[in-house]
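The model shown is predicted, which means the values in this text are computed figures rather than measured ones. By convention in this document, chain letters (A, B, ...) are assigned in the order of the sequence lines, proteins followed by strands, and residues within each chain are numbered from 1.
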2 protein chains.
Amino acid sequence: MFGCVRGRKNSREKILDAAAELVSEIGSGRLTLDAVAERAGLSKGGLLYNFPSKDALLQGMIQRMIDEVSAEKEALRGQTAPGPNLEARLCTATMLNMRCGNMREIANGLLAASSENPRLLEPVRQIIKETLERLKETSDDLDASLLAWLAVEGLSNFEIHDLSPFSEQDRERIVASIGRLLNKGIAE
Amino acid sequence: MFGCVRGRKNSREKILDAAAELVSEIGSGRLTLDAVAERAGLSKGGLLYNFPSKDALLQGMIQRMIDEVSAEKEALRGQTAPGPNLEARLCTATMLNMRCGNMREIANGLLAASSENPRLLEPVRQIIKETLERLKETSDDLDASLLAWLAVEGLSNFEIHDLSPFSEQDRERIVASIGRLLNKGIAE
DNA sequence: GTTTATATACCGTCTGGACGGTAAAGTGCA
DNA sequence: TGCACTTTACCGTCCAGACGGTATATAAAC
C-alpha cells in the first residue's frame, strides 16, 4: 500500500497505546520505559528510537490526549442542538462522553506527566486558558457556564482517581442538572 | 525537664512537614526518603524508624491531610450562618478557604500517594463517600449542593496542578456564584 | 542507690535491584 | 549501498530498605 507498515508512525501509536494502558493499570508513578517497550512489543532501544527520552514519551502522550479530546469536541459540535451556552455545553459533553474508554487513560497520562515533570502540562494549561477565553466570549450566562465546566472537571477528577462515590443514577442526575444549569442559569 | 525533647511525636510531625514541603517543591514523583530525611533534619534510619516504609510515610501524609481538612471544617461549622444547604456550604467553604497555605500541599500529597500506589487513596475514597451521604441526607436542594461541591473540586484541581486560568476576580466571581447557587438553586 | 535489663529513638553504611539512557551491531527495504 | 528502524548488550545512577550499632530513658532487682 502506501508508506511503511512497520514504520515509525505505527510504532509510535503502539507505544503510546501501551503507555496509556500501563498508566491506568499500574499507576502514573510506576511507568517505566522497560514496561512500555515490552507492552508495545518492542525493545527498549526501539522505544528510545521513537521517543528519545521518557520526557518525550510523556509529551507525546499528552499531545495525543489533547488531539483526541479536541477531535471529540469537534465531532460533537456537528450534532449538538443550538441553544444557550453552546460552547460550555460542548465542553461538558465532551468530557462526559469520553468517560467510558479513553477518558481514564487520558487523565492518567496527565497525572503521569505531572508527577514526573509538571512542566509537561504546559500545553494543557494553554488549552484550558483558551477554553476560558472562548467561554467568556460566547457564553450567554458566564456564571452558569463556568460552574458547569468546573463541575464536570470535578466529576472527571473523581472518576479518574477512582474516587467517585456516585452511582449510575447519581451521575445521570448530575449530568441532567448540569444541563438545566446551562439552559436556565442560577435562580433569581 | 520532662520526657524526651526528641520524641517520636515531634519527629513524625517534622517528617510529615518535610515531606509535604518537598512534594510541592519537587513534584510528587520525585519524593525520596533521603530527601525527606535530610529536610526533616534526621537520618534515613531515623526516618524509617518513624515510618517503616515509604508507603507508611505516604499513608501518614494522607491521614494528616484528612485530619486537617476535617478540623478546618469543624472550625468553620461554628462560624457559618444558618441557611439552606448548610453542609454543602461548609464543604465548599472549607476547600476554598484552605487554598492559600496548606491546600496545595494537601492535594500534592494525594498526588504523590496515588502516583506511587493508588490504594493509598482508600481513606480519601471513604471520606468522599461519607460526604456524599451527608449531602444527600441534609441538603435542601441536592442538585445545587452536588454541583457546588463538584465545581469546587474542579476549581481546586485546577489550582493544585497549577492549571487554573482564573484571575483573582474570576475566582471571586466563581465563588460568589457558587454561593448564589447554594442559596437560590437552579432556575425554574 | 547502684547495677542489670529492656525499651525507645536514632544514626550511617551497605546492597541489590530498578531504571533511564547509550552505543554498536543487525535487518530489510529503496 | 544507504537509510530507517530495531535489537542486544551494557553503563551509571538513584533509591528503598536492611542492618548493625549508639545513646538515652525507664524499669526492675538487689
**Q** Would you say C/dC10 has OP1 or OP2 under 4.0 Å from some side-chain N or O of B/Tyr49?
**A** no
**Q** Side-chain atoms of residues 36-45 of chain B: list all donor-acceptor pairs with protein atoms under 3.5 Å, sequence neighbours left out, distances to 0.1 Å.
**A**
residue	atom	partner	partner atom	Å
B/Arg39	NH1	B/Glu21	OE1	2.6
B/Arg39	NH1	B/Glu25	OE2	3.1
B/Arg39	NH2	B/Glu25	OE1	2.9
B/Ser43	OG	B/Gly45	N	3.4
B/Ser43	OG	B/Gly46	N	3.0
B/Lys44	NZ	B/Asp34	OD2	3.2

**Q** Set out, in order, the CA-CA distance, both residues' side-chain angles and the distance that settles side chain to side chain donor-acceptor pair (under 3.5 Å) for A/Gln59 and A/Asp55, then state yes or no.
**A** CA-CA 6 Å; A/Gln59 217 172 305; A/Asp55 253 34; over 6 Å; no
**Q** Please determine whether a side-chain nitrogen or oxygen atom of B/Asn50 lies at a distance below 4.0 Å from atom OP1 or OP2 of C/dC10.
**A** yes
**Q** Got a sec, which residues hit salt bridge (Lys or Arg N to Asp or Glu O under 4.0 Å) with A/Glu122, two or more places apart in sequence or on another chain?
**A** A/Arg125
**Q** Without decimals, in angstroms, what is the distance between B/Glu116 CD and C/dA18 P?
**A**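 Rounded to the whole Å, the gap is 15 Å.
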**Q** Give every pair of a protein N or O atom and an N or O atom of nucleotides 17-19 of chain D that lie under 3.5 Å apart, one pair per line with the distance.
**A**
residue	atom	partner	partner atom	Å
D/dG17	OP2	B/Lys54	N	2.8
D/dG17	N7	B/Lys44	NZ	3.4
D/dG17	O6	B/Lys44	NZ	3.2

**Q** Tell me: CG of B/Asn10 to C1' of C/dT8, nearest whole Å?
**A** 15 Å
**Q** Taking CZ from A/Phe51 and P from D/dT6, how many angstroms apart are they, rounded to a whole number?
**A**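 Nearest whole value for this atom pair: 11 Å.
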**Q** Given a cutoff of under 4.5 Å between side-chain heavy atoms of I, L, V, M, F, W and Y, with clusters grown through shared members, what are the other residues clustered with B/Leu76?
**A** B/Leu90
**Q** What is the separation between atom CZ on A/Arg12 and atom C1' on D/dA4, rounded to the nearest whole Å?
**A** 15 Å
**Q** Side-chain atoms of residues 143-153 of chain A: list all donor-acceptor pairs with protein atoms under 3.5 Å, sequence neighbours left out, distances to 0.1 Å.
**A**
residue	atom	partner	partner atom	Å
A/Asp143	OD1	B/Arg173	NE	2.8
A/Asp143	OD2	B/Arg180	NH1	3.4
A/Ser145	OG	A/Asn85	OD1	3.3
A/Ser145	OG	A/Ser139	OG	2.9
A/Ser145	OG	A/Asp141	O	3.3

**Q** Measuring to OP1 and OP2 of C/dA9, would you say a side-chain N or O of B/Ser11 lies under 4.0 angstrom away?
**A**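 Answer is no, no contact under 4.0 Å.
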**Q** Nearest nucleotide by nearest heavy atom, which residue falls closer to the 5' end of DNA chain C, A/Leu31 or B/Ser43?
**A**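 So the residue in question is B/Ser43.
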**Q** Looking for any heavy atom pair under 4.0 Å, which part of the strands does B/Leu47 touch: base, sugar-phosphate only, or nothing?
**A** nothing
**Q** Considering only residues two or more places apart or on different chains, which pairs with a residue in residues 126-135 of chain B satisfy side-chain hydrogen bond (donor to acceptor under 3.5 Å, both in side chains)?
**A** B/Glu87-B/Arg134
**Q** Assign B/Leu57 to base, sugar-phosphate, or nothing according to its heavy-atom contacts below 4.0 angstrom with the strands shown.
**A**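 The residue B/Leu57 makes no contact with any strand.
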